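Worksheet: one structure, shown below.
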Amino acid sequence: MNSNELEEIIKEALENFYRRRIERLSKLRLKDTLRKKNPYLFRAIGVYKADEIVEVILQAYMSSSDETIFGDAFFEPIAKRVSRGTVSPSEGVDIVIETEDLYKAISVKSGTSIFNASQSKRMDDEFKKLRSRTMKLHKQFDAVLAHSYGHIGNARSTQYIYRRIAGQAFWEEITGDSEFYLKLCHMMKGLPSMHRITYEEERGKTVNRLTREFLQDFSTPDGGIDWDSLLRFNSGK
């Protein structure tokens, strides 16, 4: 793959990532989020401004979703394109790469700290289902749980049928380029700065919208935080 083609793929992926981040901002509802937060903690750390509470809420909200969005909008589509693979017919598996004697099934994830025991078992079950469906092909089945960044210890587990691979090793395996993991970052060039201008504008609007809602429902006449109203909403019967 030449540099121009890769740059275009990365450009499309970043556009999709920022579009989905902005959509995520528009879906944030103050009261839905406040019900899940700890108002006692806000009080204990000395929060006195509505916009400060909103900033804490917004930061936590976006932090929890950005990793997922980035994996879906950036890592996964790029991996599909550069690997020359096809879309997997199985849920939970993203890419299939076939040769004359090999059927490689890849599930693309972001970092390495994403699975608990039940999720790992579910991933193993998905690979096993796909293996059963492809037995008639008489090809070696290679199940791969791929992490787009980071390091892992033992790549092969005797407990599950899949092997794990991460970071440089993953990108090199699907592209043949040991430097590809570096190119992913370099070829973003100035695009993140351009997208961030629009994102920050939308983020500012969201802060203003939520702050206005908070002051309408949870402020005292003199502009302070009405902790009683907030606690009744959050924890009252």
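Bear in mind the structure is a predicted one, so any value in this text is a computation, not a measurement. No hydrogens, no waters, no symmetry mates; every other heavy atom, side chains included, goes into these values. Positions are given from 1 along the sequence.
Under 4.0 Å is where a charged nitrogen must lie from a carboxylate oxygen, and between Glu98 and Lys104 no such pair does. Ion pairing between a basic and an acidic side chain is recognised when a charged N comes within 4.0 Å of a carboxylate O; Lys129 and Asp125 show no such pairing. Between Glu213 and Arg209 there is a salt bridge, since a side-chain N of the basic residue sits under 4.0 Å from a carboxylate O of the acidic one. Electrostatic pairing of Glu202 and Arg19 does not count as a salt bridge here, judged by no charged N lying under 4.0 Å from a carboxylate O.
Of the possible donor and acceptor atoms, none in the side chain of Asn16 sits under 3.5 Å from a partner among the backbone N and O of Phe74. Judged purely by atom type and a 3.5 angstrom limit, Lys109 has no side-chain atom pairing as donor or acceptor with the backbone of Ser148. Under a 3.5 Å cut-off, the side chain of Ser235 and the backbone N or O of Arg232 do not form any donor-acceptor pair. When atom types are taken as modelled, the side chain of Thr134 and the backbone of Leu137 share no donor-acceptor pair closer than 3.5 angstrom. A distance-only check finds a donor-acceptor pair linking the side chain of Ser88 to the backbone of Val93 [under 3.5 Å]. In this structure, Ser219 contributes its side chain and Gly223 its backbone to no donor-acceptor pair below 3.5 Å. Checking side-chain atoms of His147 against main-chain N and O of Gly111 turns up a donor-acceptor pair under 3.5 Å.
Remark: of the listed residues Tyr103, Tyr162, Tyr160, Tyr162 is the sole one forming a ring-ring contact (aromatic ring centres under 6.0 Å, His included) with Phe127.
Annotation for Asn234 and Leu34: closest pair ND2-O, 2.9 Å, computed over non-hydrogen atoms. Taking all atoms of both residues into account, the shortest heavy-atom contact from Thr33 to Ile57 is CG2-CG2, 3.2 Å. Summarising the geometry of Leu215 relative to Ala50, their closest heavy-atom pair is CD2-CB, 3.7 Å, with the distance given to 0.1 Å. Annotation for Arg81 and Ile9: closest pair NH2-CG1, 3.3 Å, computed over non-hydrogen atoms. When all heavy atoms of Ser107 and Gly92 are compared, the pair lying nearest together is OG-O, 3.0 Å. In terms of heavy-atom proximity, Lys183 sits nearest to Asp177 at NZ-OD2, 2.6 Å.
Residue pairs meeting the ring pair (Phe, Tyr, Trp, His ring centres under 6.0 Å) criterion with at least one partner in residues 167-188, sequence neighbours excluded, are Trp171-Phe180. Here salt bridge (charged side-chain N to carboxylate O under 4.0 Å, His left out) pairs that include residues 82-96, with residues two or more places apart or in two chains, are Glu5-Arg84.
For the pair Glu7 and Lys189, the minimum side-chain heavy-atom distance is below 4.5 Å. Residues Thr86 and Ile95 fail the side-chain proximity criterion, which asks for heavy atoms closer than 4.5 Å. For the pair Ile53/Phe218, no side-chain contact is recorded, criterion being any heavy-atom separation below 4.5 Å from C-beta on. Residues Ile225 and Phe42 have side chains not in contact (no heavy-atom distance under 4.5 Å, counting atoms from C-beta outward). Two residues are said to be in side-chain contact when any heavy atoms from C-beta on lie closer than 4.5 Å; Met123 and Glu126 meet this criterion. Side-chain contact between Lys27 and Tyr61 is present, with heavy atoms from C-beta onward closer than 4.5 Å. Side-chain contact between Asn4 and Leu6 is absent, with no heavy-atom pair separated by less than 4.5 Å. Tyr199 places a side-chain heavy atom less than 4.5 Å from the side chain of Leu25.
Linking ILVMFWY side-chain heavy atoms closer than 4.5 Å, directly or via other members, places Ile165 and Leu102 in two distinct hydrophobic clusters. Met135 and Ile97 fall into different hydrophobic clusters, where Ile, Leu, Val, Met, Phe, Trp and Tyr residues are linked whenever their side-chain heavy atoms come under 4.5 Å apart, directly or through other members. Residues Ile197 and Met188 do not share a hydrophobic cluster, defined by chaining ILVMFWY side chains whose heavy atoms lie under 4.5 Å apart.
Here the straight-line distance linking atom CG of Leu210 with atom CD of Glu55 works out to 9.5 Å at 0.5 Å rounding. Going from atom NZ of Lys37 over to atom CG of Asp32 covers 12.5 Å, rounded to the nearest 0.5 Å. A distance of 13.0 Å separates CE in Met187 from CG in Leu14, rounded to the nearest 0.5 Å. Taking OG of Ser110 as the reference point, atom CD of Glu76 lies at 9.5 Å (rounded to 0.5 Å). In this structure, CG on Leu30 lies 11.0 Å from CZ on Arg212, to the nearest 0.5 angstrom. Remark: Cys185 SG to Tyr149 OH distance equals 13.5 Å, nearest 0.5 Å.
Under a 4.5 Å side-chain heavy-atom cut-off, the cluster of Ile, Leu, Val, Met, Phe, Trp and Tyr residues that includes Leu231 is completed by Tyr40.
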Do Gln140 and Asp101 pass the side-chain contact (heavy atoms from CB on, under 4.5 Å) test, and can you show the C-alpha distance, the side-chain angles, and the key distance before you say yes or no? CA-CA 6 Å; Gln140 177 186 348; Asp101 56 2; over 6 Å; no
In sequence, state the C-alpha distance, the side-chain angles, and the governing distance for Thr112 and Arg164, and then conclude on side-chain contact (heavy atoms from CB on, under 4.5 Å). CA-CA 9 Å; Thr112 57; Arg164 297 174 65 198; 4.0 Å; yes
Show the numbers, then the answer: is there a ring pair (Phe, Tyr, Trp, His ring centres under 6.0 Å) between Phe70 and Phe17? CA-CA 6 Å; Phe70 195 75; Phe17 170 61; 5.0 Å; yes
Intermediate values then yes/no, side-chain contact (heavy atoms from CB on, under 4.5 Å), Gln159 and Asp124: CA-CA 9 Å; Gln159 187 175 2; Asp124 195 53; over 6 Å; no
Would Val96 and Val87 satisfy side-chain contact (heavy atoms from CB on, under 4.5 Å), going step by step from the backbone distance to the final call? CA-CA 6 Å; Val96 168; Val87 177; over 6 Å; no
Pair Thr68-Asp66, side-chain hydrogen bond (donor to acceptor under 3.5 Å, both in side chains): steps then yes or no: CA-CA 5 Å; Thr68 299; Asp66 272 352; over 6 Å; no
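Side chains of Asn208 and Thr206: no donor on one and acceptor on the other come within 3.5 Å.
For CD of Gln216, the number of neighbouring non-hydrogen atoms (other residues, nucleotides, ligands) closer than 6.0 Å is greater than 12.
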